[in-house]
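Working notes, structure below.
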Amino acid sequence: MNIAYFLLPKSRTAYLYDDYTVRQGLEKMRYHGYAAIPVISRDGKYVGTVSEGDFLWSLLSEEGGRHATRSLKDLEKLRVRDIFCEDNAPPVGITVSMEELLTSAMNQNFVPVVDDLENFIGIITRKDIIRYFAEQKNPAAVTQRMRKIV
């Protein structure tokens, strides 16, 4: 199965640029209501995924060996690229198999997809992946659902 069938393209995906301030990132996450969101560079390369937890931890700073809470003014200076772990949601290529896609989706809500030049082209949601495998197990349910649509 070609995974492009499940791809939610970049044009329909919310994402952050890595040079956004933490405050801009928080505002966009809040607007969309997501728990995690892809981060790309201005030239379209996938950089990583930032999560609510990354934003929460960015509110704390370590000064003199003790924790302090950052002000909103401080969050204007801090960039999204400074707060996330790059390996937390590795992307897949468009030619990956469904089984490999399932493995990637086990630990994240969506799987970022990149082209051969590492340009971000969209995401595949865990929901769509689970639906695919559920339909493979029970093709009669798919037929029944299609009859309801028609």
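If you're wondering where the values come from, they're calculated on a predicted model, not measured in any experiment. Start at 1 with the first residue, then count along the sequence.
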- Task: Identify, with sequence neighbours excluded, every residue that meets side-chain contact (heavy atoms from CB on, under 4.5 Å) alongside Lys127.
- Result: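 Testing Lys127 for side-chain contact (heavy atoms from CB on, under 4.5 Å), a comparison that skips the adjacent residues, returns Thr125, Arg131.
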Write down the atom of [X], the atom of [Y], and the distance for their closest heavy-atom approach.
X      : Y      : value
Ser104 : Val92  : OG-CG1, 3.6 Å
Ala89  : Thr49  : CB-OG1, 3.4 Å
Pro91  : Glu118 : CG-OE1, 4.5 Å
Leu102 : Phe133 : CB-CE1, 3.7 Å
Pro112 : Ile123 : CA-CG2, 4.3 Å

- Give a yes or no on this: more than 12 heavy atoms of other residues, nucleotides or ligands lie within 6.0 Å of atom CZ of Arg42.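 Atom CZ in Arg42 is packed in, count exceeds 12.
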- Would you say Ile130 and Met98 are hydrophobically clustered, going by side-chain heavy atoms of ILVMFWY under 4.5 Å?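 Hydrophobic grouping puts Ile130 apart from Met98.
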- Item | Cation over ring face, Lys45 and Phe120, 6.0 Å, 45° |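 Judged by the rule, Lys45 and Phe120 form no cation-pi pair.
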For the backbone of [Y] and the side chain of [X], can you confirm whether one donor and one acceptor N or O come within less than 3.5 Å of each other?
X     : Y     : result
Gln24 : Thr21 : yes
Arg79 : Asp19 : yes
Ser41 : Asp18 : no
Asn2  : Tyr5  : no

- Looking only at side chains, do Glu100 and Thr103 share a donor and an acceptor under 3.5 Å apart?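 No, no side-chain donor-acceptor pair sits under 3.5 Å.
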- Task: For side-chain contact (heavy atoms from CB on, under 4.5 Å), just list the numbers for Ile129 and Val111, CA-CA rounded to whole Å, side-chain angles, deciding distance to a tenth of an Å, and then say yes or no.
- Result: CA-CA 10 Å; Ile129 297 166; Val111 179; 4.2 Å; yes
- Message: Does the plane of the ring in Phe6 sit parallel, tilted or perpendicular to the ring in Tyr132? Use 30° and 60° as the thresholds.
- Response: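 Perpendicular.
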- Query: Parallel, tilted or perpendicular for Tyr34 and His32, by the 30°/60° rule?
  - Reply: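 Parallel.
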Nearest-0.5 Å distance, [atom1] of residue [X] to [atom2] of residue [Y]:
X     : Y     : atom1 : atom2 : value
Ile37 : Ser51 : CD1   : OG    : 11.5 Å
Leu26 : Glu52 : CG    : CD    : 9.5 Å
Lys77 : Asp82 : NZ    : CG    : 13.5 Å
Ile94 : Leu7  : CD1   : CG    : 5.0 Å
Thr13 : Leu8  : OG1   : CG    : 4.0 Å

- Message: Quick one, Phe55 with Val22, criterion side-chain contact (heavy atoms from CB on, under 4.5 Å). Give me CA distance, side-chain angles, the key distance, then yes/no.
- Response: CA-CA 7 Å; Phe55 282 106; Val22 168; 3.7 Å; yes
- Task: Report the C-alpha distance between Arg126 and Asn109 in whole Å, list the side-chain angles of each, state the deciding distance to 0.1 Å, and finish with yes or no for side-chain contact (heavy atoms from CB on, under 4.5 Å).
- Result: CA-CA 5 Å; Arg126 182 167 44 197; Asn109 295 334; 2.6 Å; yes
